[in-house]
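Have a look at the structure below, then the notes.
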Amino acid sequence: MSDIILIKGKVQHGITLDPSVWIFDDRKKRLDEFFVLDVKEDEDTAYQRSIGQQWDKELSEGAALPNPEKEKQLFVQKKDISGDWAVPFKPFLQNAQPIEGASAVICHLESGEHVELDLQTAMDSILCFARDGKPIRQEGPVHLLFADGSNRNEPIKGIQQFEVK
């Protein structure tokens, strides 16, 4: 198993993906954040939230200015990378620049099987690269999940390369 994944085929630029560095990527989010349902706030909750924000503002007005260096040190020490992490697939596909007429992405798996997705489904997909704060080694280095979460319990695993068709 390789830790890198290629994007090739009907693209202007072949891309090499290295999921081991995505923990530093600003586009990463906790996997659960990709599947948050839009819940409308009722009036009571909105009122409580606004009162809380006002209270926080009033309390902070009398507080001393924070020391940026001390705050930075605390942030670095407390940075939590536990949990499941993912990035959207779209920026990587866009950087590869599929050529006109490209309509699908084939996921070549380490088992020798292929999974074909239409280009838009692939663009909307999510690549999970860490489970419990650690890189995915078994059937990794990424698991592909659909944007609607329909395959969340059975993602596409063991991807070695993406071929744009």
Side-chain angles (χ1 to χ4, degrees), residues 1-42 45-46 48-50 52-53 56 72 74-99 102-111 113-165:
M1 177 192 75
S2 175
D3 287 341
I4 61 168
I5 301 171
L6 303 174
I7 299 177
K8 64 179 197 169
K10 289 186 175 183
V11 293
Q12 290 186 20
H13 310 286
I15 303 279
T16 301
L17 304 177
D18 184 356
S20 67
V21 298
W22 292 349
I23 197 69
F24 304 108
D25 195 312
D26 292 337
R27 296 169 292 197
K28 76 175 179 311
K29 290 195 236 179
R30 292 192 182 274
L31 185 60
D32 291 339
E33 292 179 41
F34 282 99
F35 302 113
V36 175
L37 299 175
D38 291 330
V39 179
K40 294 197 178 200
E41 212 172 41
D42 63 10
T45 305
Q48 289 174 1
R49 184 181 43 74
S50 68
Q53 288 173 342
D56 290 342
K72 185 177 180 181
L74 286 174
F75 177 74
V76 170
Q77 291 172 359
K78 292 183 178 181
K79 190 170 185 173
D80 181 17
I81 59 169
S82 63
D84 300 342
W85 293 91
V87 293
F89 190 23
K90 187 174 188 170
F92 302 112
L93 282 174
Q94 286 176 328
N95 285 342
Q97 296 181 352
I99 60 175
S103 61
V105 173
I106 299 172
C107 304
H108 294 268
L109 311 182
E110 62 185 22
S111 65
E113 297 178 36
H114 303 89
V115 177
E116 186 170 332
L117 308 171
D118 67 79
L119 187 58
Q120 191 58 53
T121 299
M123 285 275 190
D124 296 336
S125 298
I126 300 155
L127 298 175
C128 180
F129 64 90
R131 295 279 184 185
D132 299 322
K134 296 183 174 109
I136 298 173
R137 299 279 182 227
Q138 188 173 350
E139 298 182 295
V142 298
H143 294 171
L144 186 138
L145 295 104
F146 300 133
D148 64 3
S150 61
N151 71 332
R152 190 165 182 190
N153 293 325
E154 294 184 25
I156 299 171
K157 300 177 180 180
I159 301 169
Q160 292 185 322
Q161 69 181 14
F162 296 103
E163 181 182 0
V164 178
K165 284 289 200 180

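In this text the structure is predicted, and so the values were computed from the model without any measurement.
- Side chains of I156 and L117 form a contact here, defined as non-hydrogen atoms less than 4.5 Å apart.
- Residues R131 and H143 have side chains in contact (heavy-atom distance under 4.5 Å, counting atoms from C-beta outward).
- Partners of D26 by side chain to side chain donor-acceptor pair (under 3.5 Å), not counting sequence neighbours: none found.
- Of the possible donor and acceptor atoms, none in the side chain of D84 sits under 3.5 Å from a partner among the backbone N and O of G133.
- Here the CD1-CG distance, from I159 to L6, works out to 12.5 Å after rounding to the nearest 0.5 Å.
- A centroid separation of less than 6.0 Å is found between the aromatic rings of F162 and F89.
- Other residues, nucleotides and ligands contribute over 12 non-hydrogen atoms within 6.0 Å of the CD atom of E33.
- Here the shortest heavy-atom pairing between I7 and A96 reads CG2-CB, 3.9 Å.
- Counted within 6.0 Å of CD on E113, heavy atoms from surrounding residues, nucleotides or ligands total 12 or fewer; the atom is thus considered open.
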Report task. Give the intermediate values and the outcome of side chain to side chain contact (heavy atoms under 4.5 Å, CB included) for residues L119 and V105. Result -> CA-CA 6 Å; L119 187 58; V105 173; 3.7 Å; yes
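- Residue S125 comes nearest to F146 through the heavy atom pair OG-CD2, 4.2 Å, listed as atom of the first residue, atom of the second, then distance.
- In terms of heavy atoms, R30 sits closest to G83 at NH1-CA, 3.8 Å.
- D148 CG: more than 12 foreign heavy atoms inside a 6.0 Å radius.
- The NE2 atom of H114 sits 7.5 Å away from the CD atom of E163 when rounded to the nearest 0.5 Å.
- Minimum heavy-atom separation, A86 to C128: CB-CA, 3.7 Å.
- Rounded to the nearest 0.5 angstrom, L31 CG and F129 CZ are separated by 10.0 Å.
- Between R152 and F34 there is no side-chain heavy-atom pair separated by less than 4.5 Å.
- No side-chain donor from either of H108 and Q160 sits under 3.5 Å from a side-chain acceptor of the other.
- With K28 contributing its side chain and I23 its backbone, the two residues share a donor-acceptor pair below 3.5 Å.
- Side chain of R137 to main chain of D3: no donor-acceptor pair is present (N/O by atom type, distance under 3.5 Å, no hydrogens or angles).
- Between E110 and E139, the shortest heavy-atom contact is OE2-CA, 4.0 Å.
- Here the CG-CD distance, from L109 to Q161, works out to 10.5 Å after rounding to the nearest 0.5 Å.
- D118 contributes a side-chain N or O that, together with a main-chain N or O of Q120, makes up a donor-acceptor pair within less than 3.5 Å.
- If you take CD1 on I15 and CD1 on I4, they are separated by 12.5 Å, rounding to the nearest 0.5 Å.
- Here the straight-line distance linking atom CG of L127 with atom CZ of R27 works out to 10.5 Å at 0.5 Å rounding.
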